[in-house]
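Notes to accompany the following structure.
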Amino acid sequence: MPEDAIQSDLCYPVRMKDTFAELGLGPELLKELTALGYEEPTPIQKAAIPPLIEGRDLLGQAATGTGKTAAFALPFLQRIGHSKAVSLKPAVLVLVPTRELAVQVSEAFHRYGKSLGVSVVPIYGGQEFHRQIVALKRGTHVVIATPGRALDHLRRGTLDLSGLMVVALDEADEMLDMGFAEDLELILEATPATRQTALFSATLPPRIASIAERHLKNPVRVLIPRDKATKGSMPKVRQTAYIVPRAHKIAALGRVLDLESPTLALIFCRTRIEVDELAERLVGRGYRVEALHGGMSQNERDRVMKKARSASVDLLVATDVAARGLDIEHISHVVNFDVPASPEAYVHRIGRTGRAGREGIAITLAEPREHRLLRNIESMTKQKVDVSTVPTPLDVKARRLDLTKGAVREVLLAGELDGFRVVVETLSAEFDPMDVAAAAMRLAHEATAGSAAQEDEVHIPVIESFARPRERPPEFAPRGAPRGGRRADGPGSNARDMVRIYIAAGRRANIRPADLVGAIANEAGINPRGIGDIEIADAFSLVELPAADADRVINALRGATLKGKKVTVRRDQGYQRSR
Ligand code: AMP
């Protein structure tokens with residue numbers, strides 16, 4: 001990975017050849033990383049792991065997809081090491097904005113810490129308290145929590161933070177957006193002053209800087225340099241991204257490949273395991289596929305390279321490490337099965353295509369949460385990445401027919417059809433010549449197009465409004481003010497029905513908009529950006545929500561508490577509007 005992918009304090013230079021072992025991780029963690037198929041640390045990991053192992057505080061700028069979870073999970077696990085028996089006083093606390101992230105981060109800690117025997121408890125809104133209390137009472141090394149729920153447990157006395165060694169604030173900007181600023185302060189106050197703190201945030205607005213100033217001690221800073229254009233080194237390549245949920249990525253890739261019909265595509269995956277899995281799935285789609293990763297012997301790799309050079313491979317699926325020394329001229333497409341962990345890695349990858357004056361094509365499959373990485377790539381490369389919708393089975397079918405048509409046209413132009421004319425004449429005595437031609441076309445089509453496309457009826461959801469730059473909702477949106485810039489959507493944007501819910505708690509109960517946004521997002525697990533106007537009266541509050549989410553929110557809030565109290569929640573009848 002390039003050295004200058006991120007900027008780190010001088011005492012922790014990001015060196016190119018750092019391996020996980022060189023970063024100071026012990027054998028148990030290295031074993032798990034190998035089992036997961038990780039070949040090398042990402043830039044944020046190279047910069048963050050050594051100082052965190054040393055016990056330094058850290059302020060890191062990193063979005064989802066950069067490998068930031070491992071950047072703090074691995075050193076934290078290393079620090080708590082073979083902790084004695086699990087304790088009622090956890091050693092590690094990670095605060096995250098949403099329950100989805102709480103689950104993801106818990107899984108990551110669990111996976112990385114398997115050989116160390118580390119125990120992890122996630123606590124988040126929307127899950128029964130009882131279950132979480134039982135888990136906490138059993139004792140644990142690591143707690144991953146959303147701030148609202150962590151505070152609830154602190155108040156009930158079911159979470160003891162007095163033995164904490166380390167705290168991480170993950171996606172701190174998101175937590176502030178969701179109104180958790182005050183909760184974070186209260187939680188941090190309940191932790192020992194001696195604790196080590198790491199703060200990760202995709203953006204570093206002044207609000208984050210001020211939290212860092214108050215709660216981090218002489219932190220190491222790991223930042224993405226601003227406006228660092230790599231334009232000079234950018235090859236001329238057509239760049240497209242498709243936004244696809246993880247579960248649909250392979251189906252989406254299959255369609256994109258069918259549509260693009262590459263001469264040779266180099267497909268990048270993050271881990272060895274992903275390379276092997278994807279290669280296997282693509283073979284099933286009728287492509288000639290070879291895998292290339294660091295776990296293969298030199299002989300195997302030589303064999304693959306020979307095949308790729310002799311044009312007897314359609315798709316080469318590889319990790320960054322394996323593709324590093326690769327020298328093949330005729331790569332027509334580079335595909336990023338995931339957005340690479342840094343813009344520099346992206347530039348490096350797509351430089352494999354578009355050689356020798358040919359037009360290169362770069363395709364990136366991004367998950368909805370990885371939008372910020374794509375933006376970073378655009379802003380650093382000063383080139384646009386077009387966001388497209390995944391082709392439908394009909395698009396693929398039309399394209400395949402086009403290819404068959406092209407192939408038949410070539411045969412027509414080449415002539416030498418005499419041997420076949422007789423057959424056509426004979427059949428034409430019995431059938432309409434147009435039908436005869438259509439039947440021959442069908443045979444040719446099925447022989448070349450295979451059956452994969454015909455069977456592909458999987459529904460791949462279209463992710464809308466991705467291409468627009470994200471605007472942050474104000475922390476406390478006053479009534480009528482646009483949240484997240486969405487209300488400013490002009491004509492032509494998707495109208496969505498909004499309903500209003502009534503919550504029987506208001507100003508007198510010290511309810512703030514942030515409490516409602518936090519409770520709704522975490523108890524009901526809905527995206528806070530969908531929340532509309534919030535009105536807080538003395539005795540009640542009204543919250544506007546997408547109609548589709550209303551019942552879920554009402555049910556979730558009925559089972560939860562607001563400021564420690566159960567409240568009545570119902571639909572505000574008769575209210576409905578579109579936005
Ligand atoms: P994150 O940015 O923490 O959301 O991580 C993004 C994805 O990258 C997760 O699926 C991780 O499992 C994966 N990942 C993290 N570090 C590495 C690495 N060094 N090599 C390969 N995959 C990684």
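Numbering of ligands and ligand atoms starts at 1, following listing order.
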### Message
What's the separation between atom CG in D320 and atom NE2 in H293, rounded to the nearest 0.5 Å?
### Response
14.0 Å
#### Entry: Atom indices of ligand 1, in the order listed, that fall short of 4.0 Å to a heavy atom of E40
18 (C), 19 (N), 20 (N)
### Query
Considering only heavy atoms of T271, which atoms of ligand 1 have at least one such atom less than 4.0 Å away?
21 (C), 22 (N)
### Query
Considering only the protein, which heavy-atom contact is closest to atom 16 (N) of ligand 1, and what is its distance?
Q45 NE2, 2.7 Å
### Task
For T66, counting its heavy atoms only, list the atoms of ligand 1 lying under 4.0 Å from any of them.
2 (O)
### Query
Just which atoms of ligand 1 are under 4.0 Å from any heavy atom in G67?
1 (P), 2 (O), 3 (O), 5 (O), 15 (C)
### Task
Return yes if a side-chain donor-acceptor contact under 3.5 Å exists between E171 and T98, otherwise no.
no
### Message
I need the nearest protein heavy-atom contact for atom 4 (O) of ligand 1: residue, atom name and distance, please.
### Response
G65 N, 3.5 Å
### Message
Among all the protein's non-hydrogen atoms, which is closest to atom 10 (O) of ligand 1, and how far away is it?
### Response
R270 NH1, 4.0 Å
### Task
Taking the side chain as every heavy atom from C-beta outward, state whether L29 and E32 have any pair of such atoms under 4.5 Å apart.
no
### Task
Tell me yes or no: between the side chains of R149 and N522, is some donor less than 3.5 Å from an acceptor?
no
### Message
Starting from atom 3 (O) of ligand 1, what is the nearest protein heavy atom, named by residue and atom, and what distance separates them?
### Response
T69 OG1, 2.6 Å
### Query
So which bit of F20 gets within less than 4.0 Å of ligand 1, heavy atoms only: side chain, backbone, both or neither?
side chain
### Query
Would you say the side chains of Q196 and R79 form a donor-acceptor pair under 3.5 Å?
yes
### Query
Among all protein non-hydrogen atoms, which one is nearest to atom 20 (N) of ligand 1, and what is the separation to 0.1 Å?
Y38 CG, 3.6 Å
### Query
Is there a side-chain hydrogen bond (donor to acceptor under 3.5 Å, both in side chains) between S119 and T140 once you walk through the steps?
CA-CA 5 Å; S119 100; T140 183; 2.9 Å; yes
### Message
Side chains of Y38 and Q45 only: does a donor on one sit below 3.5 Å from an acceptor on the other?
### Response
no
